[in-house]
Amino acid sequence: MARYAILIDHDYCTGCHTCEVACQQEHSYPVGTNGVTVREYEYEANGRVKIDYLPFFTEHCDFCTARLARQEQPACVKHCQARCMEFGLSNDLGETMKERPRAALFTHVPHR
Amino acid sequence: MSQTQVFHTTAWSAGPGCHGGCGQKVYVEDGKMVRIEGDEAHPWSQGRSCPKVLALTQYMYHPDRITRPLKRVGARGEGRFEPISWDEALDTCEARMKDLRTKYGAESVVFAQGTGRDIGGPITLLCYSFGSPNWVQLGLSGHSCYTPRLGAMKGIFGDFAVADCSQFLEKRYADPQWVPPEIIITWGQDSTTGCPDGFFGHWVVDCMRLGTKIIAVDPRSTWLTSRALHHLQLRPGTDGALALAMINVIISEGLYDREFVEKWVHGFDQLAARAREYPLDKAAAITDLPAADIAAAARAFARAKQAAIQWGVPVDMCADGTSVAQAISCLTAITGNIDKPGGEVIARPSHGVTAYPFSTEELIKLYGEDLIKRMNEKRVGADKYPRVKNFRGWAQPDMVIDQIHSGKPYPIKGAWIQTANIIGGQAARAGFHLEAMQKLEFVVAVDLFHNPTTMALADIVLPAATFPEKNSIRSWWAPLLTIKKHVQVGECRSDWEINFAMAKRFNPEGLARWNSVEDMFDERLAPSGFTFRQLYEQGGWKMPEDGPSKPYRRHERGLLRMDGKPGFNTPTGKVEVYSETFKSWGLDPLPQYTEPPQSATATPDLYRKYPLIMITGARSQLFFHAEHRMIPWLREKMPDPYVEVHPDTAARYGVYDGEWVYLENDMGRVKRKVKVSRRVKAGHVHTMHGWWMPEREGKAPDLFGVWDYQINKIIPGPQSSTSGFGGGQYKTTLCTLTKIEH
């Protein structure tokens, strides 16, 4: 069965932290609590230093069910400055994923 | 349950603190902003937002926010302030400033601001209504932030220009007139970290998705350089030599746009001769770059059908920054990339409306030629530097602080400081700035939070409004925008309200025709055909119509010059890579390269003692300069000021990741936490600026821990430049690392 999911086109995640604060504002989460945290990866490839970022969704992520009920995108997806997040059903996003060179698909059953 | 109302407005300045421009939706309940979100209907940001905006409720309703006017009751630095009424505050400012004007002349009061915020409009109104010529970004050595680039563009193009990411077009990327740049050179800028100079940083990322390739000129490695076609990881401060070498490759290999050069470029042969002084091997030795990389980047840029350059403040902070900006502008000129789709487009204030004056012409339009001419004569630095006299109206900041200290050639006794934490922020030689400014007889600080500057110096503190609490207008390129008040916090007032009220006291006749700030906005908006209310009610933004403010190819259509003839707005009507304007001012009409004032070759003895090149000031999405360290959602993501240290450097100095160290030179030492990282080359370190600790003791001498963390304490001055603009040493100062022994 298809589930809610977020597709991260992570070649484009610039590490801007927008998703993190969007989530905290949306849920009024205090410091130390967040539905999404962005991590930085530094490594070498082809003689160059590579800097990549990847958002990680914690169990505080509820896919913004309150927003979905208002026909709104999850707060992180809506505000992402790099437009690297897509919200939808896991089956659909799995198809979309095939067109992305580097991507990660996240899904879980939100704690309610 | 109370009802939530949603309003649209534009972000600029206080709140996120930034250069602004994005559209936001403000959610209000019972007169309080409860939430803020990006406005999907807004063409600038298209629904997006940033951490600083999204944390705005924590900023606006922060328990430490100043929400009433204050007067100092103890000695300076004691930290004792008492709330007073607005009437008493403004009466005190009026009386004290008029007293200084009578005793020492209007020029004895300086009007100081920080970066490009919604302050330039209100502060010039106040400064010139008072009669002072000294409007200044006090502390910013060499005015090394955009003014050098603006000055260079004005001299070469006769106008300003900006990378074309479709921002002048209502349909944006979908507009059929626009094509993405094949190449964008991000020169001294990581565009993902913020939105400077009227430019939404992630437009570059949008263009990358549409096929744009990046040439990154950056001594550090970043997300952007990781993805660049070419990463030119140059030695800091050598950008001028790189640009001249690229010009030389493009000309000597015949890769320039012959048709454009023939028709529209003045001084091509002189430029070619100057560039020949920078052959690849010489430039490679200066810049620490492989010659082949310089050549490859130059060829890729020149061969692109359309290419743009999106540049940052490190250009200004090179020795003779204006000259470096000249060289880079020449790259645009000889490749014919000016004012064409996906190139570098002429940028004029939207609809010809001035909100924040960027040029002498705009100052004259607002305040009259007589006044501006008089101001030009008396401005600090005008007699020494022709560009200070003739371009834009800023006093020379390094000379202003020296003059405050010395009292020569005339005394400076007062300062009106508007949302600028000089001591904790931009002041190179920060310690000297405090020492000098303590001599001032009267200091007003307009601000939102106490900080090292208000604590150490302010006699009166006036509480300023954030953007959802104020009305204003914005015409920084496009679109024309309104900022609309939807909530009130405490007794805070907008910078416009504060300065309008004060200006009326100093120049009642000059301001008699306006009863309110909105009356004045209506007059300033007149060229657009809208009133403030009309512009707000029809959506709050309007893209320029076809005419001088809208691309493309305006030089061919006679839209740039006062005489209506085709051509550029320069003396020759052409793009002047040999600038006749600069020549007439006694400046080098051609770009040149100057070695940073401190380096292995310029100061070998100093280099032996301090063998690390310290780059400061890379931007963060979390903090705007010296702000936001008290905002919980932002600070938790970067709790400590760190220094990036290459693994080899860390091994050499025996320091480990997470260890606290001193960055040190002859000017002093500053604490930093080591972040071992390959983002910097061995031999370079990088650290962020603007650190002080709001959680520490505010009163002197601690001043929120500023002397432990203010990196500009060990940045020398004055500026290194022949024109007075450019050459603040924020990116090229030498230092060493010292372990903190416990």
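Here is how names work: the chains are called A, B, and so on, in the same order as the sequence lines, proteins then strands, and each is numbered from 1.
With a threshold of 4.5 angstrom between heavy atoms, A/Cys19 does not approach chain B through any atom at all. Both the backbone and the side chain of B/Glu37 come within less than 4.5 Å of a heavy atom of chain A. Neither the backbone nor the side chain of A/Asn46 has a heavy atom closer than 4.5 Å to any heavy atom of chain B. Residue B/Gln58 does not touch chain A at all, counting heavy-atom pairs closer than 4.5 Å. Neither the backbone nor the side chain of B/Thr193 comes within contact range of chain A; no heavy atom of the residue lies under 4.5 Å from a heavy atom of that chain. A/Tyr43 does not touch chain B: none of its heavy atoms, backbone or side chain, sits under 4.5 Å away. For a residue to count as touching a neighbouring chain, one of its non-hydrogen atoms must lie under 4.5 Å from one of that chain's; by this rule B/Arg635 does not touch chain A. With a 4.5 angstrom heavy-atom cutoff, A/Arg83 touches chain B via backbone and side-chain atoms both. For A/Gln81, the parts lying near chain B are the backbone and the side chain together; criterion is any non-hydrogen pair under 4.5 Å. Proximity to chain B is absent for every atom of A/Gln73, based on heavy atoms less than 4.5 angstrom apart. Looking at B/Leu224, neither its backbone nor its side chain comes within 4.5 Å of chain A, counting heavy atoms on both sides. Contacts of B/Ser49 with chain A are made by both backbone and side-chain atoms, with heavy-atom separations under 4.5 Å.
Annotation: maximal heavy-atom pairing with chain A below 4.5 Å, among B/Arg35, B/Glu636, B/His202, B/Lys637, occurs at B/His202. When B/Thr225, B/Val53, B/Thr57, B/Leu622 are compared by the number of non-hydrogen pairs under 4.5 Å with chain A, B/Leu622 comes out ahead. When B/Gln233, B/His231, B/Lys52 are compared by the number of non-hydrogen pairs under 4.5 Å with chain A, B/His231 comes out ahead. Residue with the most contacts toward chain A among B/Asp190, B/Leu56, B/Val34, B/Thr192: B/Thr192 (heavy-atom pairs, distance under 4.5 Å).
Electrostatic pairing of A/Asp52 and B/Arg227 counts as a salt bridge here, judged by a charged N lying under 4.0 Å from a carboxylate O. Electrostatic pairing of A/Asp9 and B/Arg209 counts as a salt bridge here, judged by a charged N lying under 4.0 Å from a carboxylate O. In this structure, A/Arg67 pairs ionically with A/Glu26, as a charged nitrogen and a carboxylate oxygen lie closer than 4.0 Å. With respect to the salt-bridge test (charged N to carboxylate O, under 4.0 angstrom), the residues B/Glu40 and B/Lys25 qualify.
Using the six-membered ring where Trp is involved, B/Phe7 and B/His486 have ring planes that are parallel, under 30° apart on the 30 and 60° scheme. Aromatic ring orientation, B/Phe624 versus B/His19: perpendicular (interplanar angle above 60°, classes split at 30° and 60°).
Aromatic pair A/Phe57/A/His108: centroids not less than 6.0 angstrom apart.
Few gaps surround NZ on A/Lys78; more than 12 heavy atoms of other groups in view lie less than 6.0 Å from it.
The side chain to side chain donor-acceptor pair (under 3.5 Å) check on B/Glu627 picks up B/Tyr59, B/Arg117, with sequence neighbours excluded.
The closest side-chain heavy-atom distance from B/Leu634 to A/Val21 is below 4.5 Å.
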